[in-house]
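Take a look at the following structure, please.
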Amino acid sequence: MRYELVIFDNDGVLVDSEPIANTLLAEYLTELGHPTSYQESLRDYMGSAVHRVHDLVEERTGEKLPEDFDATLHARTVAAFQQELEPVPGIADVLGKLVADGVPYCVASSSSHERIRAGHRKTGMDQWFEEEWIFSSEDVGRGKPAPDLFLHAAERMGVRPERCVVIEDSPLGVEAARAAGMAVYGFTSMMPADRLTGVTGYFSDMSQLPELLA
């Protein structure tokens with residue numbers, strides 16, 4: 001394999017959380033007087049840390065979101081995950097092949113550590129990821145599209161950025177991976193390929209990924 005480390009995004013790549021999370025975010029913003037559709041949530045916020053929601057709302061309306069916005073959104077999201085969340089189809093086979101081939105991997109997510117772990121426990125992803133292989137935007141000063149999170153993950157895993165490959169499904173994540181100097185494959189199960197510009201390659205089904213990485 002030509003890469004020494006595979007870095008997975010979490011939401012939409014390991015766990016099928018984007019439909020749940022963006023439905024809840026759109027509903028909550030609308031409830032607070034900032035009408036937002038599901039498609040608008042995907043367009044504006046998919047793959048980003050929650051600070052982007054605050055920044056865009058204030059930029060567009062001049063209003064700040066409530067101080068308890070993050071805590072309320074988190075509580076609603078985790079509760080929904082516990083009821084509905086499933087792994088992305090085929091991801092366990094991909095991880096199993098990486099283990100069999102001895103290829104290191106990790107996860108670098110815009111989500112909080114607590115939300116990542118809640119999703120992993122619900123979907124069985126926790127059996128595939130050691131604690132030291134999980135990285136969150138909470139670990140760095142700037143989340144995606146800044147490269148900081150991916151560079152942090154590579155440093156902690158002991159691999160040079162140019163020897164890493166990122167698996168992403170959002171434009172912000174692709175931008176972050178490219179800024180980090182890493183190869184990046186775009187997963188197009190939810191996001192059209194033309195939104196994931198500059199990727200090393202595309203795939204629409206997890207069964208296609210091992211061949212791309214070989």
Using a 3.5 Å distance criterion without hydrogens, assess whether the side chain of R163 forms a donor-acceptor pair with backbone atoms of R2.
yes
On a heavy-atom basis, the closest approach of L196 and G186 is CD1-CA, 3.9 Å
Identify whether the distance between the nearest side-chain nitrogen and carboxylate oxygen of E131 and R117 falls below 4.0 Å.
yes
Is a donor on one side and an acceptor on the other found under 3.5 Å between the side chain of Y3 and the backbone of V103?
no
Hey, quick one: are L172 and M191 part of the same hydrophobic cluster, counting side-chain heavy atoms closer than 4.5 Å, chains of contacts allowed?
no
Hey, are S170 and D9 close enough side-chain-wise for a donor-acceptor pair under 3.5 Å?
no
Check whether NZ of the Lys or CZ of the Arg R156 lies under 6.0 Å from the centre of the six-membered ring of F135 and within 45 degrees of that ring's axis.
no
Return the minimal non-hydrogen interatomic distance between A80 and I20, and the atom names on each side.
CB-CG2, 3.7 Å
Show the numbers, then the answer: is there a side-chain contact (heavy atoms from CB on, under 4.5 Å) between L29 and L65?
CA-CA 9 Å; L29 288 173; L65 290 170; 4.0 Å; yes
Do the side chains of V78 and M125 join up, straight or via other hydrophobic residues, at under 4.5 Å, putting them in one cluster?
no
Consider side-chain contact (heavy atoms from CB on, under 4.5 Å). Of I134, V15, V88, which one does N10 pass it with?
V15
Quick check: F203 with F187 (ring centres under 6.0 Å apart)?
yes
Flag, side chain of T30 to backbone of T36, donor-acceptor distance under 3.5 Å:
yes
Side-chain ion pair, K144 and E168, N-O less than 4.0 Å:
yes
Heavy atoms from other residues, nucleotides or ligands near CD of Q127 exceed 12 (cutoff 6.0 Å)
yes
Restricting to non-hydrogen atoms, name the atom on S136 and the atom on I116 that form the minimum distance, rounded to 0.1 Å.
CB-CD1, 4.0 Å
Is the closest side-chain heavy-atom distance between R60 and H34 below 4.5 Å?
no
Is it the case that atom CD in E132 sees more than 12 heavy atoms from other parts of the structure closer than 6.0 Å?
yes
From the options W133, F81, F129, F8, select the one residue that forms a ring pair (Phe, Tyr, Trp, His ring centres under 6.0 Å) with H120.
F129
Spatial distance of atom NE2 (H51) from atom OG (S110) [nearest 0.5 Å]:
7.5 Å
Out of L25, T23, N22, which residue meets the side-chain contact (heavy atoms from CB on, under 4.5 Å) rule with L42?
N22
How long is the straight-line distance from CG of L14 back to OG1 of T123, given to the nearest 0.5 Å?
8.0 Å
For the student: nearest non-hydrogen atoms of S109 and D11, plus distance
OG-OD2, 3.7 Å
Say whether H113 and D139, considering side chains only, have a donor N or O and an acceptor N or O under 3.5 Å apart.
yes
Treat each ILVMFWY residue as a node, draw an edge where side-chain heavy atoms are under 4.5 Å apart, and state whether L85 and Y28 are in one component.
no
Would a hydrophobic clustering, with Ile, Leu, Val, Met, Phe, Trp and Tyr connected at side-chain separations under 4.5 Å, put L24 with L56?
no
